[in-house]
Every structure is written in C-alpha cells, then in structure tokens.
A.B. asks: 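Below you'll find the structure I mean.
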Amino acid sequence: MLDKLNKLTESHGELRPGHGLASGVISLSLAILCFLGVLAFHFPEYLTTPQLRKSYNVDVMRQLLYWSLVVSGGIALFNIAFGRVRWLSLGSFVLIALALGLGGHKVPVNDFPDNTPYIGLDWFILDLLGSTLIFVFVEKLFPLRKEQPVFRPEWQTDFHHFIVNHMVVGFVLLATNLLVHKLFGWAAKDGVQAWVQQLPFMVALLLIVLVADLVQYWTHRAYHEVPLLWRLHAVHHSAKHMDWMAGSRQHIIELIITRTLVLAPIYVLGFAKEVIDAYIVIVGFQAVFNHANVSVRLGPLRYVIVTPNFHHWHHSQDDEAIDKNYAAHFAFIDHLFGTAVQSDRAWPAHYGVQGDYMPEGYWKQLLFPFTWKSKP
Ligand SMILES: [Zn+2]
C-alpha cells in the first residue's frame with residue numbers, strides 16, 4: 001500500500017475517472033487532515049496559532065472535524081464496498097481509526113499557556129481546506145487552461161512550499177513584528193495616526209491597499225532589478241504551471257523582507273484594526289487568486305484591478321513580459337510607471353524563468369540563492 005501511495009504522490013496528471021481515484025484521494029486527504037486536527041486538539045499550545053485561535057470558535061472546529069471524519073469514512077466505505085481503489089480507502093480507515101482512538105472530535109481542551117513556541121498546524125489545515133474548496137471550484141468553473149489537471153507537473157514542490165510557509169507562520173509573524181518595530185518605530189507620529197483613524201472605513205481601506213501596493217510595487221521591482229535580490233525572487237518565478245498553489249512557491253527570506261516592508265507604512269500610519277483585518281483578507285485572497293488557472297474578463301476595469309489575466313504575464317518567460325506587471329492589487333500602478341505588459345496576445349505562452357535554471361524540489365530551492373553561481 002505504501003508503495004502505491006508513494007507512486008501516486010510522486011506522479012502528476014489527470015486522475016483516471018471511474019476507478020474511485022479522485023474520491024479516494026479526497027477521502028485520504030481529509031483523513032490526514034482529521035488526524036492532524038486531532039493532534040492539534042491534544043497539543044494546542046504547540047500546534048495552533050494564537051492569533052488564529054482567538055478568531056475561531058472551538059465548537060465549530062469540532063463540528064468541522066466531526067463532519068470531515070464522516071465524509072472521509074463514508075467515501076472510503078463506499079469505495080471498499082464497490083471494490084474501487086481499496087488500498088487508498090484502507091489508508092483512510094487506518095487514519096480515521098487512529099484519529100478516533102485519540103479522541104476524535106471530543107478531545108477536551110484545558111487551559112494552556114499562550115507563549116509557547118508553536119507551528120501553525122491549524123493555519124495549514126484550515127487554509128488548505130478552505131483554499132482547496134474555493135479555488136479548485138473556481139478553477140473548474142472559469143478555467144483558463146481547461147486541460148490542466150489539479151495535480152499538474154511540479155505540484156509537489158509548490159505544495160511543499162505551502163506546507164512549510166504555513167507551519168512557520170509563528171516565526172514569520174514574530175520576525176516581521178520585531179523588524180517593523182525596530183526599523184520603523186521612530187516614524188510613527190500621533191497626529192498622522194489620529195487623522196488616519198478618523199477616515200471613513202472605505203476611504204481607509206482604499207488608502208491601505210494603495211499604500212501597501214505602492215510599497216509592494218517598488219520592493220517587487222527591486223527583487224527583479226537587483227541581482228542579489230533576484231536570487232531569492234527567482235524561486236517564486238520558477239513555477240512553469242500557474243494555478244492557485246503556484247503562488248505558494250516563495251523563499252522564506254523573501255516572505256519576511258516583503259512582509260516587513262509592506263507592513264511598515266501600515267504600522268506607521270496607524271490604520272484601525274478592522275481596516276487592517278479587511279486588508280489582510282484582500283491581500284490573502286489576491287496573493288492566491290492572481291496565480292490561479294482562471295480567466296477573468298473585467299473590461300476596462302482591467303486597467304484598475306489585478307487579476308490572473310494581468311499577473312500571469314508577470315510569470316511569463318515571453319520576451320515582452322520580462323520585468324513587467326509588478327502590482328499585486330492595482331494594475332494602474334504599472335501603467336503609471338510604464339511597466340505594464342503591452343502585448344497583442346491575451347495570455348502568455350510560457351511560464352517560468354528564462355533558461356529554466358531553477359532546480360526542482362523545496363530544499364534545493366531554499367538553498368538556491370546561496371549556491372547559485374550566476375545567471376546563464
Ligand atoms: Zn516577480
């Protein structure tokens with residue numbers, strides 16, 4: 001069974017329909033998340049994110065875990081009964097049995113300290129579940145490349161980035177908070193902050209996205225134009241297939257630098273908490289969505305808002321697209337600074353870095369900036 005599972009996770013392409021493979025994969029993935037979820041209930045101080053667990057209801061999480069167990073088990077049972085991919089379903093059963101044996105959705109949670117070092121397992125589980133549901137659905141509904149399967153080539157590398165970048169959320173939060181305060185604390189002025197805080201919500205929201213995107217634009221441009229920084233950023237650009245998961249491919253150092261610089265003006269200007277929360281939802285959505293295998297036709301609004309139609313060009317290795325379309329939210333920023341792609345085609349032909357020099361696999365990409373000799 002493990003042999004077959006290994007082969008499946010190392011492969012890519014369409015899951016052959018009619019054999020229960022797709023449902024088997026869904027069942028096993030859910031079972032794995034359930035098992036991890038039960039572990040998070042047992043060790044919340046080490047496996048959950050303080051900022052996140054404050055904002056969700058534990059009873060809702062128990063319901064979610066319960067229904068995931070039911071759905072995963074139900075699918076596995078159906079597949080076993082009808083002789084479809086029994087080995088996959090068996091795997092689901094082992095994990096569900098383990099999860100139930102460890103207390104399932106009924107694990108009691110007692111008081112626990114708030115300041116232990118932790119990994120963001122809850123953030124990983126919830127974001128993977130939510131993002132898969134939303135983005136796979138949207139990608140199937142409005143596909144750009146219909147023939148591209150969910151498990152397209154190199155999905156493993158991007159998923160590995162997704163896993164690590166979620167698990168280290170605590171470290172990233174800590175590092176960026178520290179850096180923002182140490183480097184930019186001096187710039188905070190009470191008068192400015194009072195003015196920003198009295199702005200109507202929608203005005204403040206537009207301002208925060210604009211300020212964040214202007215900083216993001218110049219940071220991003222520096223990543224492309226300064227060779228030392230490109231070493232880090234090339235990792236993000238090495239994805240040769242675009243979908244919602246491709247945006248996860250990012251070097252951890254780039255993640256921390258960019259986030260620190262983008263959060264700096266937000267912190268200095270002193271935006272209200274609800275404005276920052278709304279901005280986090282927008283940036284979280286667009287960071288994923290702009291990479292998705294989706295076509296969005298906005299008409300003239302395409303000069304204003306960044307969509308996959310705009311950002312896919314940024315990831316192209318076609319000549320007219322090199323060092324263009326930097327914006328993450330507002331497309332007009334690129335039009336303003338003269339870096340918008342001008343092409344007579346709607347979509348690029350090839351993604352990735354010119355020369356395809358990036359090694360595959362998470363660890364090699366993590367080391368890449370330090371081992372790379374020079375651009376070929
Ligand atoms: Zn870039």
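First listed ligand is number 1; within each ligand, the first listed atom is number 1. The first residue of the sequence shown is numbered 1, and numbering continues consecutively from there. Heavy-atom basis, side chains included; hydrogens, waters and symmetry copies ignored.
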A.B. asks: Can a donor-acceptor pair be found between the side chains of His251 and His161 at a distance below 3.5 Å?
C.D. replies: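 There is no such pair between these side chains.
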A.B. asks: NE2 (His224) to the Zn ion (ligand 1) to NE2 (His233): angle, nearest 10 degrees?
C.D. replies: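 NE2 of His224 and NE2 of His233 make an angle of 90° at the Zn ion (ligand 1), to the nearest 10°.
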A.B. asks: If you count heavy atoms of other groups shown closer than 6.0 angstrom to CZ of Phe137, is the number above 12?
C.D. replies: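 At most 12 heavy atoms, drawn from other residues, nucleotides or ligands, come within 6.0 Å of this atom.
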A.B. asks: Establish, yes or no, whether a centroid distance under 6.0 Å links the rings of His312 and His315.
C.D. replies: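 No, the ring of His312 stays outside the 6.0 Å limit from the ring of His315, centre to centre.
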A.B. asks: If I take the Zn ion (ligand 1) as the centre, what angle separates the NE2 atom of His237 from the NE2 atom of His220? Nearest 10 degrees is fine.
C.D. replies: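 NE2 of His237, the Zn ion (ligand 1) and NE2 of His220 span an angle of about 170°.
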A.B. asks: Look at the N, O or S atoms of His236, main chain and side chain alike, and state whether any lies under 2.8 Å from the Zn ion (ligand 1).
C.D. replies: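 Coordinating: no.
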A.B. asks: Please verify the inter-ring angle class for Phe368 with Tyr357; under 30° counts as parallel, over 60° as perpendicular, anything in between as tilted.
C.D. replies: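 Answer is parallel, since the angle falls under 30°.
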